[in-house]
Every structure is written in structure tokens, then in C-alpha cells.
**Q** 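Have a look at this one before I ask anything.
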Amino acid sequence: MADFKLSAQLVGHDADVRHVCFPSADLILSAARDCTVRSWKRTAPSPPTFDPTIASQGSEFYNSLAYLPPSSEFPDGLVVSGGNDTIIDVRRANSTPSDNAERLLVGHARNVCALAVVPGGHHIVSASWDKTARIWSVGKWEVEAVLTGHEEAVWDVLPLDGTTVVTASADKNIRVFDLRTVVASQVEPRSTIYTSDVVRALCRVPASHPSGADFASASNDGVVRLWKLSGQQVGELHGHESFIYALTVLPSGELVSSGEDRTVRIWRGSECIQTITHPAISVWTVSACDENGDIVTGASDGVVRVFSRSPERLASPDTLANFEESVSSSSIPQQQIGGINKEKLPGPDFLKNKSGTKEGQVQMIKEEDGSVTAHQWSTGQQQWINIGTVVDAVGSSGRKVEYNGQSYDYVFDVAIEEGQPSLKLPYNLSENPYARAQKFIDDNELSQNFLDQVAQFIVANTQGATIGQGSEDSGGPDPYGTESRYRPGDDSGSSRVKALPHREYLDITSAKYEAIFKKILSVNAALVAAGRKDYSLNPPAQQALAAVRQRLEANQPVVDEGSINLVVMMCTQWDYSDRLAPLDLLRCIATSPASAKFRSANFGSLVQIAVSAALDGVPAGGQPNENYAMMAARAIVNLFRSTEGRRLLAQPAEGLRVASFIDRVLGIGGQPAIGPFNRNLLVALTTSTLNLAVLASREPGNVSANVQVRLLTALARILQKQTDGEVVFRALVAAGTLITVIGKTAPEARSLSSPIALSKDRVSESRVKEVADECLSLLR
């Protein structure tokens, strides 16, 4: 199949084009930061030309578009647009700014960042930074349902059929909703898929795709992931070098993605078969035409571009040449490429004598005049394409930038919210990126959720020069980071400190107390209204609960046995469907020594209480709730925080209970696994296993040989089935630590060789490969 080539360049917008729609071969729609929505109607077929019309002009940025196909009432169809003003505008496709909209849909509280039409055309779905998605009826133009559950902005929506909608969010979760379960105009998610990074985009995957996936997602980490609706990940597409902003599917079944690395990429199966570099900083959006298979893109330079595989629809030779020239004359900041030693770069002859090894491969060339150019390999054309000249960066050249009276290596402009002024982010190479990111968040009163994103922005744009080495980390950074998240770059190159055996206990203590206690009080109010006074909280109990919150927020241990008993009562006596918030609270107080000492007359230790609350009381015919199991695992993890908790878990009976709980969650023993693709659950489970391994390593004899063997069996199961980098990394560290305890000659240790090698091949992250190699070296 031929490569895509430029078909047309549509110039008219004065700012970034944020969304495009390609409903027919004769019509393109675009929305931009110049506060306009434009329709482009084809006026000539070869080479294609398009006549623009401003369909809508507002006072705020437009960020999202959808198109309702023609009907008897609206023969030209309807254009649906949304943006920073929070209002969804519905108007005829042939409208002008002076025409009234057919409807203005009011309901969202913040930027409307995605719109989609539900198959059948009777509803549209909108997504917003207000953390919700909404279902709107076509014709009545009323909200029929609000999709709730996300904790951050909802970036994209994907209606798969008339009743199933998938949402993607900045909270790193993908949620699946069944619209038939509307209660009081709200829909709670049917299931949640937990991912490792902010999810930006979604698209349907055709049934013919070799992966068997139902849909695809794209994230800030530059990876396209392929999913079944069950939550099972069945593939990953690697190639992008930065954020991915948009996904679409071609009539041929191929997937298309666009992102911050200036490229559009075409994927056949799991292989990138073409990379189209744009003369812009970002390619915000891409859409495909079902009629002819052409694609249209919108970029930060304000240009809408059409690409085609059909020779009849290619742009004129002059236009093609001008496009190639604009790409090759682009300036590429050196920090986007990384460190470059000009003396070791090949000269122009390399391009004549050497072929690339894969589509999109980039090669730096030292030109005769001393400049450095970047060239990208095109598999389809079997040649190197010049994609720009590398220009020097402030930090690498030694020139300083003044900001607020101080000198910095870099001063970045960071756009946190669209429509708001950019914020200044100063940075010196001697600083820890996470410390600077935290200061940036504190200075600008931003959500803590931006920490990783800001830190990774610094790393990506400064070549990660000093991450993890700042003076504020004199005690040594936890390589797992906040809530035990691994921080890339803490270990680097040949100087990487060995990870095995791991010697420090981890915890998972970050919590949203407002949400926890609000939910508990809501359930309690329902119990009181139903007359169930035996298990409701009376005023003194509510006061005790408030005191627990105060101590937790002040980072103080809970010492009152009566308060602990109150939490245990909610976990074990409340209806099974109401236990999530109490279990969340239980894992928060598990760090307290008093909790480790606590014994319930009916349920025993805190380990028994957590496991019983998660697994017992399930309604007939149901399965244990995967999020309850996650909270129970986190409670076990947090018990290791105190000496008393470690003493509890050193008791043979308690160690066996934890091992049995891990087996039950993983489905070892014949029962179905609980949340087999729930990332948060698996991270908590591998962390509890890791902490037991550390206990066995630090205090020989405190973890029985039987428990060690069962843990190794569980870790083998995880390494064989999981592909998430964080889950596999923790499992490998736990396995390696246990190997140092049980000995490399033990049959149970030897049996791990194959799962460890498999995990190394399945996960691309360097930290995983390094610790896998370390594990394998222990077995030699």
C-alpha cells in the first residue's frame, strides 16, 4: 500500500488547530485557538482545493468538534463544538457567525475538551475538565446522564455502541460505562482500567485487527495501548517520543496517532509503517475520512493538512516540494534530541551508504558547514528524509537566562490550563527536577497531580542531567517515589547501584481524606434514614471519626482503640457494597502501632480484618470487589511501617494468611482471579510481597520457608501474565530479594528463570531489564 503524501494545505486559522473532523470527502471541519470553527468545502478534486467558511466565532478557544450526519430536518448535518467557555454550540454545517445556533448546551463547569456522536446519531457525548462526561439527547438537547467517577479532567470519550461509553482521564484511568444503568441521571462506571500515565486519547479498534483489541488508548508516555473491554491489555505500540494527543482508525483497519513529537504515525498491526513529520511543534489532532481513507491533521502552526495515498488526490509538485522544504528547514531544539557529540557524528555520505533499521528512525548528521541536521528513515520510500536542523539550547551552550533577578540554565513557558497565561518554570541543571517541580506547584498553587508531569517535562527538555541527585535528597530518594512510584533516572548507566536484595519497607499512604470521610458520612446518613441504628454512627462516634481524620491529616498515629474498633465495625458490618471508604480508612490507620496491636473478638488481627472485609459478604453469584482487595493489600503493605506491624506479620499464622490472600487474588488454587488487570491492585499486591521479602532478608527466620515458596509461586504467576512496568519491576525486586534468602540452588528459585527472562522480553523499560538481569545473575 502506498505511503500517505500531502494532498492539501488549508491556511486560515491564526493559532493552533486543536481539533479536526473529516465527515466526507467534500467537507472538513476544524476548531482552533483563534476562537473560530471553520468548514472547508472541496471545490476541485485534483489537486484538491477547499473553500473555507467561518462557521462559528466566539470569545474563547475552541478545543473539540463532532459532526451529526444529515437528516431530513438538517440536510447539511450539524456541527457540534465546545471549548473554554464551557458551552456546547450546535449549528448547521453551512452556518456563518451571524447565524444563531440551533442549540446551546449548558451543563459543564469547565473546558469541553472532547465530543463524540453515539452510534445511531441519537445522542452525543461530551468530556470536560470538570471531571465528568455527559450524554445529550439529539432533538431534545437535554442531559440524559452524567458519567461520574474520574478524579481529574476527562480528556476523551469513545462511544462504542448505543449503550457503552469509554472515557479517558488525567487521573490515569480508563472507565467503561453502561448507559443502561442510569440512576437519578447519573451513571457510575461498570469497570475501571488503571494505567501508568495520563490518558489523552481513545479510538475504536476494528474487529479485523490482529491484536483482537476492542479499543486503543494513547498516553503522555508516548505509548499506544490496545485493550479488551474486560481490561486486558493485548498490545503496545511504541514509536512516539513524547505525548500522544489523538488517535483515529482508517477504513483499512490501520491506526493513526499524532503527538507532541511533530509526527503522525500510521500503524499496521503492531508495526509503525509510516511517520509523517510536520513543520510544527505539536500535531494536536488527526481524523480519517471513511469515504476515501484520507487523513486530516491540525497542528500548532495553525495549518490544516490533508494527506492521501491516492495519486489522483496529491498536491501539486510545487506544494509537495514546499512542504518538504518547510519540514527540512525546521529548527529542532537540541534538548529534544539529547546530548550530541558533533565529533562522533557521521557526515552526509552516511545517508547514501546506510539504510535505516526501522520506520521513523532518526539519524543526526554533521554537515560540511559544521551544523547538525536530523534525518528520519522512511520505510515506504526507502530513504532518509531531512526533518530539520538541530539548534543549540541555552543550557547546553552555557548561556544563562535571567528571571526574577536570578540566572537559570532554562526558563520554560508552561501552559497548565488552556486559555490562561503560561507560567514561568525556571530550572538549573544542578537541581533535582522533582524538587523544582514541587516548588513550581507550590508557587503557583497547582494540584499535586501535576508533579510527575512537570518533573518529566523538565527531564525531557534538559536531557535528565541530574534527576535524583539534588541536595534535598541527601537521605537517598525512595526509588519508588510518591506512593511508591518509581522515578526514572534514580539509577543510571554503569554506576547504577545494585537493587538486590532490597532492604527498605515501602508503604502506600497518600490519601484523599475529604472524599473518604464524605463517603462514610453519606453511607451513615442512609443507614440512619433506613432505621439501621445498630450499624450507624451516633454523634459520639462521628466525633471520634472526626478525631481520627484530624490525626491522619496531622500525620499522627491513631492511638485510641475505640476509634480503631469503629473503623473495623464499618469494614465488617456494613453492607458489602458500602465498604470501600471504610477499607480505605483502614489502610490509612494501618501505619499506627496501635492498629497492629489491635485484636477484634470476632475477626482477629488487622490482617484478618482487612482480608475478611474484602472477601467475605459478597452477594450471591457475585465476585469479590477488586478495589476492596486493593485496599486490603494496601493495609497489609502499611502494617510494615511500624515495628509492631512487622512483628505481627512475622507470626507464622499471619504470614500464611497474607500468602493465602495473595493466592486468592491471583486465582492460584482454582478460583477466578480478582481484578487480573487492575494496575493499582497489582501494585499493592506486589508491594506486600516485596515487603515480606524484605522482612525475610532483614530478619532471617521471621518468614517461614513455606510462605517464601508460596510467594515465589505467586511472583512467577505475575511475571508470566503481567506487562505493566511498575508491576513487573516490583515483582522482580521481590523475586530477587527472595532468591538471596532462599538460595539459588533451591528448586523454587531455579523455577523463576523462565518467568524472569519472559518479563525482560515483554517490558521495554530499562529498569525492568536491569533488575531482571540482576535476578538472572543470582541464579547462575
Side-chain angles (χ1 to χ4, degrees), residues 1-12 17 20-30 39-52 203 206 208-209 239 246-258 262-269 271-280 283 285-299 301 303-330 351-352 355-356 358-361 375-387:
M1 190 173 289
D3 273 358
F4 281 96
K5 294 185 178 181
L6 185 69
S7 175
Q9 292 194 122
L10 314 183
V11 178
V17 178
V20 290
C21 190
F22 208 163
S24 74
D26 295 322
L27 178 64
I28 292 171
L29 303 169
S30 58
S39 65
W40 308 80
K41 294 184 179 179
R42 190 169 65 168
T43 54
S46 183
T49 58
F50 291 80
D51 188 23
C203 81
S208 59
H209 198 274
L247 289 172
T248 192
V249 61
L250 293 169
S252 61
E254 296 158 309
L255 303 184
V256 186
S257 56
S258 70
R262 308 195 300 151
T263 70
V264 169
R265 296 178 188 250
I266 315 298
W267 306 87
R268 182 176 300 152
E271 180 185 2
C272 178
I273 62 168
Q274 186 180 357
T275 303
I276 306 171
T277 301
H278 284 54
V283 186
T285 175
V286 61
S287 181
C289 178
D290 289 336
E291 285 184 15
N292 60 17
D294 290 355
I295 59 174
V296 61
T297 66
D301 61 358
V303 179
V304 177
R305 294 179 174 89
V306 184
F307 297 87
S308 180
R309 283 171 163 161
S310 170
E312 293 78 21
R313 293 195 297 277
L314 297 187
S316 67
D318 285 346
T319 303
L320 286 168
N322 289 336
F323 175 70
E324 292 172 3
E325 172 63 24
S326 64
V327 172
S328 64
S329 63
S330 300
L351 304 175
K352 302 175 184 177
S355 298
K358 65 177 182 178
E359 170 66 34
Q361 176 188 346
H375 299 259
Q376 192 171 66
W377 178 252
S378 168
T379 302
Q381 300 179 44
Q382 285 295 296
Q383 67 178 22
W384 294 98
I385 297 173
N386 188 336
I387 60 171

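Every value quoted in this text rests on a predicted model; they were computed, and no experiment measured them. The figures here come from the full heavy-atom set of this structure, side chains too, leaving out hydrogens, waters and symmetry mates.
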**Q** Rounded to the nearest 0.5 Å, how far does CD1 of I295 lie from OG of S308?
**A** 9.5 Å

**Q** Tell me, do L10 and P52 make a side-chain contact under 4.5 Å, heavy atoms counted?
**A** no

**Q** At what distance, to the nearest 0.5 angstrom, does CD of E324 lie from NZ of K5?
**A** 8.0 Å

**Q** Measuring only between side-chain heavy atoms, which start at C-beta, is S7 closer than 4.5 Å to F307?
**A** no

**Q** Grab the two heavy atoms, one from E291 and one from A25, that are nearest each other, plus how far apart they are.
**A** OE1-N, 3.2 Å

**Q** Between atom OG of S378 and atom CD1 of I276, what is the distance when rounded to the nearest 0.5 Å?
**A** 9.5 Å

**Q** Determine whether the side chains of S287 and T248 contain a donor N or O and an acceptor N or O closer than 3.5 Å.
**A** no

**Q** May I ask you to decide if E312's main-chain N or O and S46's side chain share a donor-acceptor pair within less than 3.5 Å?
**A** yes

**Q** Give the minimum heavy-atom separation between S257 and W267, together with the two atoms involved.
**A** OG-NE1, 2.8 Å

**Q** Are the side chains of V304 and V296 in touch, meaning some heavy atoms are under 4.5 Å apart?
**A** yes

**Q** Got a second to check how far E359's CD is from I266's CD1, nearest 0.5 Å?
**A** 9.5 Å

**Q** Can you find a pair of side-chain heavy atoms, one from T319 and one from L6, that are under 4.5 Å apart?
**A** yes

**Q** So, for V327 and P279, which heavy atoms are closest and what is the spacing to 0.1 Å?
**A** CG2-CD, 3.8 Å

**Q** Distance-only, no hydrogens or angles: does the T285 side chain make a donor-acceptor pair with backbone N or O of G298 under 3.5 Å?
**A** no

**Q** Output, in order, the C-alpha distance, side-chain angles, deciding distance and verdict of side-chain hydrogen bond (donor to acceptor under 3.5 Å, both in side chains) for T275 and Q376.
**A** CA-CA 8 Å; T275 303; Q376 192 171 66; 4.9 Å; no

**Q** Where is the tightest heavy-atom contact between R305 and F323, given as atom of each residue plus distance?
**A** NE-CE1, 3.7 Å

**Q** Can you tell me which residue among L250, L314, N292 is in a side-chain contact (heavy atoms from CB on, under 4.5 Å) with R309?
**A** L250

**Q** Tell me, do L255 and C203 make a side-chain contact under 4.5 Å, heavy atoms counted?
**A** yes

**Q** Any chance you could measure T297, atom OG1, to F22, atom CZ, to the nearest 0.5 Å?
**A** 10.5 Å

**Q** I want to check something: taking the side chain as every heavy atom from C-beta on, are V249 and H209 in contact at a cut-off of under 4.5 Å?
**A** no

**Q** Nearest 0.5 Å, please: how far is OG in S24 from NZ in K41?
**A** 9.5 Å

**Q** In this structure, which one of T263, V303, V264 forms a side-chain contact (heavy atoms from CB on, under 4.5 Å) with H278?
**A** V264

**Q** Nearest heavy-atom pair of V20 and S30: which atoms, and what distance?
**A** CG1-CB, 4.1 Å

**Q** For the residue pair T379 and Q382, what are the closest heavy atoms and their distance?
**A** O-NE2, 2.8 Å

**Q** Just wondering, do Q9 and N322 contact through their side chains at under 4.5 Å, heavy atoms?
**A** no

**Q** Determine whether R313 and R42 make a side-chain contact, defined as any pair of heavy atoms from C-beta on separated by less than 4.5 Å.
**A** yes

